[in-house]
Each structure stands twice: as C-alpha cells, then as structure tokens.
Amino acid sequence: MRWRFMLFLALPLLLLAALPLAQGAAAASIFDTHSPSGSSIATLFWIVFGIAAVIFVGVEVALIAFTIRYRQRGEEGEPRQIFGNRRLELLWTGIPALTLAIVFGIMVVTMRGVEAGPVNDPNALTIEVIGHQWWWEYRYPDQKVVTANELHLPVGQPVHLRLRSDDVIHDFWVPALGRKMDLIPGQTNDLWVQADSPDVYTGSCAEYCGLQHAGMRLRVFADTPDDFAAWVVGQQRGEPPLSGAAAHGRTLFFQSQANCVSCHVIDGTTARDNVGPNLTHVGGRTMLAANILSNTPDNMVRWLLNPQVVKPGNRMPNLHLSENDARDLAAYLESLK
Ligand code: CUA
C-alpha cells in the first residue's frame with residue numbers, strides 16, 4: 001500500500017522534471033519564438049507556469065508534511081474536530097482570488113498587445129492568405145505577386161495577413177511567429193506577424209479540414225530585406241525561354257489531354273483558373289504538394305503520374321500521363337523558377 005502512495009506523490013514531480021526535456025526536444029515550438037507577439041505569448045506562458053508551479057509545490061510540500069506530522073500514531077477514537085476559523089477561510093478565499101485576478105490582468109494585457117498589431121504602420125506589408133483544401137494561396141496585392149504554400153516575408157517588418165478561405169475552415173499557425181488564427185469562409189480575419197530573424201519557420205493547418213488536413217503544412221521564409229526584394233523581383237519575372245523537353249512539356253501543359261489549364265494559373269498565359277496552386281514560379285519552390293514532398297524533378301514526375309497516390313483525396317485527378325509526357329511536363333514546371 002505504501003509504495004502506491006509514494007508513487008502517487010512522486011508522479012506529478014516526475015512530470016514536472018520532464019518538462020525541460022520536452023522543451024529541448026521541440027525546437028520549432030511555441031517556446032522557440034522569433035517574433036514580438038510570439039515572445040509575449042511565451043512570456044505569458046512562463047509567468048502563469050511559474051505561479052502554478054509555486055502553488056503546486058507549496059500544496060504538495062504542505063500535504064506531505066501534514067500527512068507525516070499528523071498521521072495516526074495508534075491513538076484510539078476520532079481526532080479532535082475543529083470547525084470554522086474566519087482568518088483561515090478569508091486567507092484561502094482571498095489568496096486564490098488575488099492570484100486569479102493577477103493572471104487575468106496580465107493575460108488581458110498580452111492579448112491586447114498581440115491582437116492590435118501596429119495597425120496604422122505605413123511600413124506594414126499586406127499579404128492575403130487564402131486557405132484551400134489542402135494548400136495555401138498567398139497574394140501580395142501591392143507587389144502583384146501570387147504564390148502558393150511557401151510564404152516569403154521580410155524580417156523586422158510588420159506583416160498584415162488577411163485570412164480567408166475558399167472552402168472550409170482552416171487555421172494558420174506558425175508557432176515561432178505567434179498566435180494562430182482561423183480562415184473562415186465568407187469572412188476576412190486579420191493577423192499581424194513579424195519575424196525577428198531570417199530563417200525558415202514551419203507550421204501547419206491547425207483546424208481539422210478534411211482528409212489531408214495533416215498534409216496542409218506551412219513554410220514561412222523570413223528573408224532579409226534584400227533577399228525579400230530579390231524574391232519579389234524574381235516572382236514578377238515572366239516565363240523563361242524554353243527548349244527540348246521543357247518546350248514539349250509546355251505544349252502538353254496547354255493541351256486538352258493533360259488539362260492543366262482548367263485548374264492552374266501561369267501568369268501571362270492562358271492558364272487562368274484558380275482551382276489549384278498558381279504555378280508561375282513552381283520550379284523555384286523548395287517543396288511540392290503543400291510541403292509534403294521536396295521539389296525535385298523525380299518527385300514532380302511522381303506527383304504528375306498519380307497525385308492520388310502521393311496525397312490521397314486531393315483535388316488533382318490522375319491524368320493518366322505516359323512516363324515520358326510526365327517527365328517533359330516536369331521539365332517544363334521545374335524550369336519555372
Ligand atoms: Cu486546412 Cu486543416
């Protein structure tokens with residue numbers, strides 16, 4: 001009986017001791033923030049955690065001490081019964097109420113700071129984020145750039161994300177950059193993010209949105225201002241000159257058998273339909289299929305031969321392409337840097 005009792009007491013302490021390990025393991029986590037709002041959320045967490053830890057340790061120590069000090073030592077009958085002690089009752093009502101009031105206060109301050117963002121900052125960059133089953137569309141209205149799945153933003157500059165959805169509810173969440181927010185059909189939500197240091201930050205859709213919810217991953221490239229400007233110029237460039245397999249791939253792309261044009265956009269061409277990701281610069285992306293495959297010619301061929309094997313349930317059907325046609329199409333798409 002006694003070992004069970006000891007285990008019962010030790011379990012919460014063991015869990016507490018394991019916490020720093022969990023923190024170390026989760027490098028791209030809510031504890032490893034790279035943005036002002038992410039940092040204030042993490043700070044709030046540690047303050048609340050600290051308060052809770054002090055209370056937990058205090059209660060456990062008192063519990064153990066009193067259990068040992070006042071255990072039954074062979075006396076007969078009931079112990080002396082004590083009722084009503086006004087000072088004690090005031091204390092154990094007042095202290096928790098005060099503690100909760102403090103936690104509430106710092107929480108409201110943090111929420112207001114994270115919510116507001118630098119609303120009237122003329123330096124802010126606006127990006128429209130549109131959720132689709134199961135990929136992300138990014139539109140830079142001022143730069144006239146549209147891309148998919150890989151979000152580029154400059155470090156040190158406030159970014160105003162305008163979030164909406166093309167179908168069901170999705171949720172944009174890159175833990176290193178702060179809070180998450182839903183993308184809701186028929187509504188636009190605003191989220192302010194700012195990256196402090198250049199890096200690639202990952203995240204995922206955080207609202208169950210169907211079969212490939214888990215395959216709706218996020219990659220945010222926080223670029224230096226120069227790299228970002230160069231990226232924008234690259235995105236504004238038109239189609240490169242083509243020859244050989246890539247030129248044949250282009251012909252296939254615009255033919256009815258492959259039927260790519262009925263779902264995809266390539267700027268400056270007749271491919272103008274927005275069902276699937278904009279492919280104007282697909283060759284320049286690091287990943288494919290909403291960040292589940294690295295962007296290599298072989299993976300592109302694999303995807304084109306049967307997208308339903310790579311990512312079951314996605315909107316792109318099996319086009320029954322021959323191996324050679326798939327290779328040529330991949331050559332064309334990979335040339336679109
Ligand atoms: Cu989109 Cu889950």
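We count residues from 1, following the sequence as given. Everything numeric in this text was worked out from a predicted model, so none of it was measured. Ligands are counted one by one from 1 in listed order, and the atoms in each one are counted from 1 as well.
Taking the six-membered ring for Trp and the full ring otherwise, Phe228 and His152 have centroids separated by 6.0 Å or more. Two rings, from Phe221 and Tyr201, have their centers 6.0 Å or more apart.
Checking Tyr208 against atom 1 (Cu) of ligand 1, every N/O/S atom stays at or beyond the 2.8 Å cut-off. Residue contact annotation: Glu207 places an N/O/S atom under 2.8 Å from atom 2 (Cu) of ligand 1. None of the N, O or S atoms belonging to His170 lies under 2.8 Å away from atom 2 (Cu) of ligand 1. When distances to atom 1 (Cu) of ligand 1 are checked against a cut-off of 2.8 Å, Cys209 contributes an N, O or S atom below that limit.
Checked by atom type and distance alone, the side chain of Asn314 pairs as donor or acceptor with a backbone atom of Lys311 at under 3.5 Å.
Between Trp46 and Phe49, the ring planes lie perpendicular to each other; the angle is over 60°, past the 30° to 60° tilted range.
A salt bridge does not link Lys180 with Glu207: every distance from a Lys NZ or Arg NE/NH1/NH2 to an Asp or Glu carboxylate oxygen is 4.0 Å or more.
Atom ND1 is the N/O/S atom of His213 found closest to atom 2 (Cu) of ligand 1.
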